[in-house]
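Comments concern the structure below.
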Amino acid sequence: MPTGKPDAMLVKLAQAGDGEAFSMLFQQHKNEVFGYLAGRIGNSEEAHDLTQRTFLKAWQKLPQLQDVSKFKTWLYSIARNQANDWWRNKVKTPELSLEKLEKEYALASGRDLELEVAEAQLIKLALAKLPTKYRDCLLWQINAGLSLSEIAELLEITVESASTYAHNARKRFIEVYNRLKVEVDTVTERRSMP
Amino acid sequence: MAVHPDDLTLGEWDALNIHVTGCPACAAALADYRNMDTLIRHSLVPNSLLELPQDFAFEVEQHREEKQPSKPGLPGQSTALLEEAALIVEQAQEQQKEHILKKGDITRLRALPLLPLTRQSFSFLSGHPSISVVLQIPKYEAQSLQYLKSSIPSFVSEVILIERNSICDATLVVQQSSPVVRVIKQISSSKSRAIREGFDACTGDIIVMSLVTDGSIDLNEIPYFVEALLAGNDWVKGSRFMKGGGSNDRHPLRYLASFVLSKLIKKLFGTPFGDVCYDYNAFWKDCLDYLKINSEGSHVETLLSLSIHKPDFKFVEVPSIEHPDIYGQSRKLHPFRMTFHMLKTIVKARVIRNLHDTHPTMFVQISPNLEDDHRINKVGVKVTLNACCKSSPYLWKSFLFRNSATVQLC
């Protein structure tokens, strides 16, 4: 979708102080920003909090945005900074671990909802194992729907490099995901044997 | 790695779509990536409702006090602008959907509304139906297994190998491969029983069948079969005679013979398939309920597609390319021998069908142990003929061959 055109009007109104316009922007982008942050930090509860902080920050800094058509990329740069700050300040007690994931898979035992939760955790664990730039690139492309040129702008690289990053990120993610899946399945099978 | 519509120009998108349509490997890779995208998106959704923080209202109020409005404007103008903006947002989202569809998302794995509920049990993990591939290991082509190991696509859930009088040990060769490979050894001489066992062993939603393992079929064409099945069809057959299909067989006479035989079969049986002699099929697992697999002979796979009995069965063909056999001694017959064997099979099937239509009571129930092929093949058929066909025992015997008895239950 060509960025900026539908947002531009709302952003201009929000810059003029219209809270309702900003609420609409929030409704439009909240799930994508949450998805990015959840994948970035691997913690859904914290991502919830960070999403709110991102939008609050965006509201505060909105008057500084010169080009309203670049609202989306600007929003994600704020989200990325929030995630980076979180990593710096947070005591790193990882929510994710393979052991916890194995337990969740063992408990799931065929129940779809629990299996779905365990699967989400596996995705986050696989994402967590990617280098930060790859993770960002993947999440922006898949969750946020940013184009390669927008990703390049955020990462301050060329579009060709962004395309390479995107390719390597996917390839690496699929490798890591499959490897983790095999590990979890093996352990789950072993545990289910008498 | 283009995903966003703005990543490529229109011309580049068209070129990409054309390439992907003609390149099964790229289509499969793209399908893998798109499936992973869906998986990631579904895994990263908020569990609870996301609302703006309470500080936000305070900030808005503070902002209003600090900043003077740029233009007074007419009353209600702000509301009208907001409504207009909301409409534009909605229209943009609709356009985005249309835009993606127009660009040709090759993974059109969204035909769920066309499918009956029994076929909607996809594994949510992969986003597409699980696929079982049934293959046969021929007698002399041990090296075919090595080829098989390297050619199984990653999206296949399992492979069932029917080991028929094979001189190699398939189990040893496939132990190191993935996905899951199961070997079924054909103990009796009954090919149909082995095939039935192979089908029974399948756990996938879709079964892809080919009883050749000489490298002539390309397993990377499976996504096209799956796409056709997801579009609402029951049975998909590969065809060399369609646009986009072809054959690189080293014996062009065999290709010609296949073409002629296919036309003949179509004439005799009114089958919907244009290429009946090409053994590459895919179908939903529930189609097995309507399949009669009780034929013997070297062309049982051809007769399978003739034996489907279900009203409103939807068949379709997709183009496929036959490659030359890569390893080992080819199991393909000389074109003339192949033609002769096929004609014999076809005529026999046709005669039986005619008899079934005209004299249905000739097909009687056999005494117990129908599955005991030894009795049928070695001893001959011991049936109790009822009064209707007692008058024509010669006709009955004339098409009951000793080693390939075809008997149907009434």
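Bear in mind that the values here come from a model prediction, so they are computed numbers and not experimental data. Lettering follows sequence order; numbering is per chain, from 1.
- Interface residue A/S23: backbone and side-chain heavy atoms are both found under 4.5 Å from chain B.
- Side-chain contact between B/M36 and A/L138: absent, with no pair of heavy atoms (C-beta onward) separated by less than 4.5 Å.
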Between B/L44 and A/I142, does the side-chain contact (heavy atoms from CB on, under 4.5 Å) criterion hold? Intermediate values first, please.
CA-CA 11 Å; B/L44 298 174; A/I142 296 170; over 6 Å; no
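- Each of A/L148, A/V159, A/I151 was evaluated against B/D7; a single residue qualifies, A/L148, per the side chain to side chain contact (heavy atoms under 4.5 Å, CB included) test.
- Note on A/S147, A/G35, A/A126, A/G39: by heavy-atom pairs under 4.5 Å with chain B, the leading option is A/S147.
- If you measure heavy-atom distances from A/F173 to chain B, the contacts under 4.5 Å come from the side chain alone.
- Atom NZ of B/K285 has more than 12 neighbouring heavy atoms from other residues, nucleotides or ligands inside a 6.0 Å radius.
- In this structure, the separation between CD1 on B/I40 and CZ on A/R170 is 7.5 Å, given to the nearest 0.5 Å.
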